[in-house]
There are 2 protein chains.
Amino acid sequence: MVRPRKSAAADPTALRLENFVPFRLNRLASAVSEHLSEIYRTRFGLEIPEWRVLVTVGQRNDCTAQFVAASARMHKTRVSRAVAALTKKKLIERAASADDARERHLQLTPSGRRLYAALVPFALERERSLLACLDEPQRRGLIAGLTRLERFFKLTGV
Amino acid sequence: MVRPRKSAAADPTALRLENFVPFRLNRLASAVSEHLSEIYRTRFGLEIPEWRVLVTVGQRNDCTAQFVAASARMHKTRVSRAVAALTKKKLIERAASADDARERHLQLTPSGRRLYAALVPFALERERSLLACLDEPQRRGLIAGLTRLERFFKLTGV
DNA sequence: TATTGTTATACTCTATAACTATA
DNA sequence: TATAGTTATAGAGTATAACAATA
């Protein structure tokens, strides 16, 4: 069909979508996201918001919905619904808080902990296998680039 | 200051969302996307799908909707609607094709070309200012990493 | 019978707003 | 009066499916 891609960096005043970093970032992020959400769903029965909540709660075991929202950058309604879904699946429990009755302390149930324990190595393995296609300087550059851009957009440090 | 945020590599069996590359990629991509779509909308009156179509058509001036869909990785209905919106704004024209009457040849109108000419330097400037927060090895690493991961996910080459 | 492109419809995702129960 | 969290509702955005015109 149409002869593809390039010889592109040639004209610096031309914009080729396929070389435009914001576009590439977006395209890559959705490919990665699709790839992983497929795994989370079929393998662990979790949607992405549920996955994020499970991981955040599992990481400190005992935190509020508000904390999850801030650290996973999710809207509180999204957190609330994910928590409800996880509760229904008996993976998470909502315990009353002693010092503030409006809050709920989120904790993994035993089966939530089991799922978490199975899920984490799996996710890390996926991450490793993604990054395995990079050599060391590339990997470092990518991570450093991510870090800088995150700072640029003030995404970290919640 | 090269103190990135880790202490996380400490326990390789722990998953911290803020260090998990797929999550970071996603979060960064949506921040960039939000940032740019705000500009496209307020400054040029374009939604992202329209922007992508405009850029793709402008780059070769004369292509079919199918080509746009393949090269910008958009669903054909999304292309169709973006083309309709751009046509309504008189930025694009649909011309009949000589060799296949099902196809339409998409071309920028004079005002579409003017918008394109204003938009491209602007977008490239934004890209440059994003990447300006990286030093040269980081920039190269990031780009190389993107390229490898794109290959991994078979995103290139339309 | 397959393909280009359009439209209608449905679905997913997410946010806004309104609410409750606290503080 | 403000906050934690929930729920109802509405709004994007996008895909599926049905369609018309052509190959």
Side-chain angles (χ1 to χ4, degrees), chain A residues 1-2 23 26-27 29-31 33-34 36-38 40-42 45-53 56-57 62-88 92-107 158, chain B residues 23 26-27 29-31 33-34 36-38 40-42 45-53 56-57 62-88 92-107 158:
Chain A
M1 233 198 107
V2 191
F23 171 73
N26 231 311
R27 187 177 58 175
S30 41
S33 193
E34 249 168 63
L36 287 181
S37 70
E38 170 71 12
Y40 299 151
R41 184 176 305 114
T42 60
L46 297 175
E47 301 300 319
I48 285 186
E50 299 171 44
W51 186 84
R52 290 186 179 173
V53 170
T56 305
V57 174
D62 190 354
C63 62
T64 64
Q66 206 181 19
F67 174 82
V68 175
S71 84
R73 295 226 141 211
M74 294 165 65
H75 193 275
K76 66 176 182 170
T77 61
R78 209 179 161 197
V79 173
S80 179
R81 288 195 176 97
V83 167
L86 291 169
T87 303
K88 201 168 169 189
I92 246 183
E93 275 170 348
R94 282 179 276 207
S97 165
D99 30 288
D100 186 335
R102 292 172 304 182
E103 291 180 351
R104 311 289 207 94
H105 284 263
L106 303 173
Q107 298 178 330
V158 173
Chain B
F23 171 73
N26 232 312
R27 188 178 57 175
S30 39
S33 193
E34 250 169 63
L36 287 181
S37 70
E38 170 71 11
Y40 299 152
R41 185 176 304 116
T42 62
L46 298 175
E47 300 300 319
I48 285 185
E50 299 170 44
W51 186 83
R52 289 186 180 172
V53 170
T56 306
V57 173
D62 190 354
C63 62
T64 65
Q66 205 181 21
F67 173 82
V68 175
S71 83
R73 293 225 140 213
M74 295 165 65
H75 195 274
K76 66 175 181 170
T77 62
R78 209 179 160 197
V79 173
S80 178
R81 290 194 177 96
V83 166
L86 290 169
T87 303
K88 201 169 169 187
I92 246 183
E93 277 170 347
R94 284 180 275 207
S97 166
D99 30 288
D100 186 335
R102 292 172 304 183
E103 292 179 349
R104 311 287 208 96
H105 284 262
L106 304 173
Q107 299 178 331
V158 176

For B/Arg78 and C/dT6, give me the distance from atom CZ to atom C1', rounded to whole Å.
-> 17 Å

Chi angles and distances behind the side-chain contact (heavy atoms from CB on, under 4.5 Å) call for A/Leu106, A/Arg94 = CA-CA 5 Å; A/Leu106 303 173; A/Arg94 282 179 276 207; 3.5 Å; yes

Near-strand residues of residues 98-105 of chain B, defined as heavy-atom separation under 4.0 angstrom from DNA chain D | B/Asp100, B/Ala101, B/Arg102

Residues in side-chain contact (heavy atoms from CB on, under 4.5 Å) with B/Arg78, at least two apart?
-> B/Pro49, B/Arg52, B/Met74, B/His75

Terminal contacting nucleotides, 5' and 3', DNA chain D versus chain A (heavy atom, 4.0 Å) = D/dA2 to D/dT9

Hey, could you give me the CG/OG distance between B/Asn26 and A/Ser30, rounded to the nearest 0.5 Å?
-> 8.0 Å

For the atom pair CZ (A/Phe23) and CZ (B/Arg73), what is the distance rounded to the nearest 0.5 Å?
-> 8.0 Å

Taking C-beta and beyond as the side chain, do A/Phe67 and A/Thr64 meet within less than 4.5 Å on heavy atoms?
-> yes

Exam field: side chain B/Thr87 to backbone B/Val83, donor-acceptor pair closer than 3.5 Å | yes

Ranking B/Arg81 and B/Ala65 by the position along DNA chain C of their nearest nucleotide, the one closer to 5' is B/Ala65

NE2 of B/His75 versus P of C/dT12: gap in Å, rounded?
-> 15 Å

Rounded off to whole Å, could you give me the CG-to-C1' distance for the B/Leu106 and C/dT4 pair?
-> 12 Å

Should B/Ile48 and B/Leu36 count as side-chain neighbours, where that means a heavy-atom distance under 4.5 Å?
-> no

If you take all heavy atoms of A/Ala96 and A/His105, which pair is closest and at what distance?
-> O-CD2, 4.2 Å

Using heavy atoms to find the nearest nucleotide of DNA chain D for A/Arg94 and B/Arg41 separately, return the residue whose nucleotide is more 5′.
-> A/Arg94

